[in-house]
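Contents: one structure, followed by commentary.
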Amino acid sequence: MLYSEKVMDHFRNPRNVGEIENADGVGEVGNAKCGDIMKMFLKIDDGIVTDVKFQTFGCGSAIATSSMATEMIKGKSVDEALQLSNKAVVEALDGLPTHKIHCSVLAEEAVKAAVKDYYDKNGIAYDACMFKEASCEHCH
Ligand code: FES
């Protein structure tokens, strides 16, 4: 079986699809390799991600990883959300085929872009290095 049951579940029934009106942070990122795009919306209260939604024009693996990523950061602090790595998301999904790992990077980058937007909008200082484009060694 190429895809784990969890991947198939999140692909068929993605959680937190949609958009949040008046979101506190919105991040949109694209995958240069395949042209897929992802948009992430965050509602943030007192430094806690109280709601999160995503929209994607992407492949099944991008949908599944985004769905899992939203579940993993909901209710967490902004700092914890920033620490979410694509590796952790892939592990939570019981893995992805190697050639689909790059798809999971989209979710991580979208979360970071949304937090950066939140920081920018609220004049919160941050270390720009935190938001350096994650490079993906698996893309070819
Ligand atoms: Fe583009 Fe998966 S093939 S994100």
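Counting starts at 1 for both ligands and their atoms, in listed order.
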Side chains of R15 and N13 in contact at under 4.5 Å (non-hydrogen atoms): yes
Run the numbers for me: atoms of ligand 1, each under 4.0 Å from some heavy atom of K100, listed by number. 2 (Fe), 3 (S)
Around atom NZ of K87, are there more than 12 heavy atoms from other residues, nucleotides or ligands closer than 6.0 Å? no
Just jot down the ligand 1 atoms closer than 4.0 angstrom to any heavy atom of A62, in number order. 4 (S)
Are any of the side-chain heavy atoms of T70 and M40 separated by less than 4.5 Å? yes
Check whether any side-chain heavy atom of L106 sits under 4.5 Å from a side-chain heavy atom of S66, and report yes or no. no
Can you tell if the side chain of D94 reaches within under 4.5 Å of the side chain of V7, non-hydrogen atoms only? no
Looking only at heavy atoms, is any part of S61 under 4.0 Å from ligand 1, and if so is it the side chain, the backbone, or both, or is it neither? neither
The OD2(D36)-atom 1 (Fe) of ligand 1-SG(C34) angle, to 10°, is 110°
Taking only heavy atoms of H102 into account, list the atoms of ligand 1 that are under 4.0 Å away from them. 3 (S)
Side-chain touch V89/E108, heavy atoms, less than 4.5 angstrom: no
Subset of ligand 1 atoms that lie under 4.0 Å from at least one heavy atom of C59: 2 (Fe), 3 (S), 4 (S)
Can you tell which part of K33 has a heavy atom less than 4.0 Å from ligand 1: side chain, backbone, both or neither? neither
